[in-house]
Amino acid sequence: QEVVPGGLGYALPGYSVELVDPISGMCGAEGEICLSLRDRPVGLMLGYADGAGVPALPSGHYYRTGHLAPRDVRGCYHLLGRTDDVFKSYDVRVSPIELERALRRHPLVADVGVFAVADQFGELVPAAVWVPADSADAASLPADILRWQRDNVSEAQRVARVWMIDWLP
């Protein structure tokens with residue numbers, strides 16, 4: 001199949017993949033990657049060795065992976081993050097992985113890490129630590145990044161706070 005830059009790939013034959021909204025439980029074109037258990041995939045484990053009664057799979061219709069993704073028109077999945085690291089900011093789900101990918105396009109940024117912080121109203125908002133590129137003017141970079149994202153990042157996902165650091169682990 002076609003290799004899609006930045007894509008996770010496609011569902012394997014014999015696996016019925018559904019994208020389930022983690023909040024509503026509805027299937028759609030974006031959500032948590034889940035394997036349908038209606039026709040149990042042959043490659044899915046049967047249980048744990050010496051599991052002492054630990055169930056291999058949760059009850060229900062899906063094996064839930066915890067990975068969030070949209071599926072494009074070709075059927076290729078693109079990782080947004082995990083259900084345990086995506087946060088809501090003023091009723092918009094923000095994926096740190098997706099936002100980092102967008103912010104790395106800034107020509108003067110060598111690396112970036114995104115995370116949630118509380119604003120003055122107690123709501124979570126995106127924040128970031130930046131590693132400037134060697135050619136960057138560290139004094140003007142934070143203001144430049146905040147201006148740049150107005151044209152390159154959706155309003156709901158714009159970073160509200162920026163810190164400069166020397167390196168990211």
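It should be emphasised that the depicted structure is a prediction, and the values quoted were computed from it without experimental measurement.
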| task | Might you work through the side chain to side chain contact (heavy atoms under 4.5 Å, CB included) test for Gln157 and Glu98, ending with a clear yes or no? | result | CA-CA 10 Å; Gln157 295 194 358; Glu98 180 184 12; 4.1 Å; yes

| With Arg104, which residues qualify under side chain to side chain donor-acceptor pair (under 3.5 Å), at least two apart? |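 If we apply the side chain to side chain donor-acceptor pair (under 3.5 Å) test to Arg104, skipping adjacent residues, the hits are Asp111.
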
| query | With sequence neighbours left out, what residues match Glu100 under side chain to side chain donor-acceptor pair (under 3.5 Å)? | reply | none

| Distance under 6.0 Å and angle within 45° of ring axis: Arg38 vs Tyr62 |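 Yes, cation above the ring, under 6.0 Å and within 45°.
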
| Got a sec, which residues hit salt bridge (Lys or Arg N to Asp or Glu O under 4.0 Å) with Arg158, two or more places apart in sequence or on another chain? | none

| said: The criterion is salt bridge (Lys or Arg N to Asp or Glu O under 4.0 Å); which residues satisfy it with Arg82, sequence neighbours excluded? | reply: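 With neighbours one apart ignored, the set is Asp84.
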
| message | Could you check whether Glu30 pairs with Arg93 (Lys NZ or Arg NE/NH1/NH2 to Asp/Glu carboxylate O, under 4.0 Å)? | response | yes

In a table with atom names and distances, give each donor-acceptor pair under 3.5 Å that connects a side chain of residues 8-15 to protein atoms at least two apart or in another chain.
unit_1	atom_1	unit_2	atom_2	d
Tyr10	OH	Glu2	O	2.8
Tyr15	OH	Gly43	N	3.4

| task | Check the pair Leu68, Ile33 against side chain to side chain contact (heavy atoms under 4.5 Å, CB included), reporting the backbone distance first and the verdict last. | result | CA-CA 6 Å; Leu68 294 172; Ile33 298 173; over 6 Å; no

| said: Which Ile, Leu, Val, Met, Phe, Trp or Tyr residues join Ile165 in one cluster when any pair of side-chain heavy atoms under 4.5 Å counts as a link? | reply: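 Its cluster partners, ordered by chain and number, are Tyr90, Phe115, Val117, Phe121, Val125, Val129, Val131, Trp163, Leu168.
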
| said: Checking side chain to side chain contact (heavy atoms under 4.5 Å, CB included) between Val20 and each of Met26, His61, Arg64, which is the one that passes? | reply: Arg64

| Which heavy atom in Val114 sits nearest to a heavy atom in Ala128, and how many Å separate them? |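 What the structure gives for the nearest pair is CG2-CB, 4.2 Å.
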
| note | On a heavy-atom basis, the closest approach of Val94 and Val86 is O-CG1, 3.3 Å

| Does the side chain of Arg71 reach to within under 4.5 Å of the side chain of Cys76, using non-hydrogen atoms? |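 No, side chains not in contact.
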
| request: Any chance you could measure Asp144, atom CG, to Gln149, atom CD, to the nearest 0.5 Å? | output: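 Answer rounded to 0.5 Å: 10.5 Å.
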
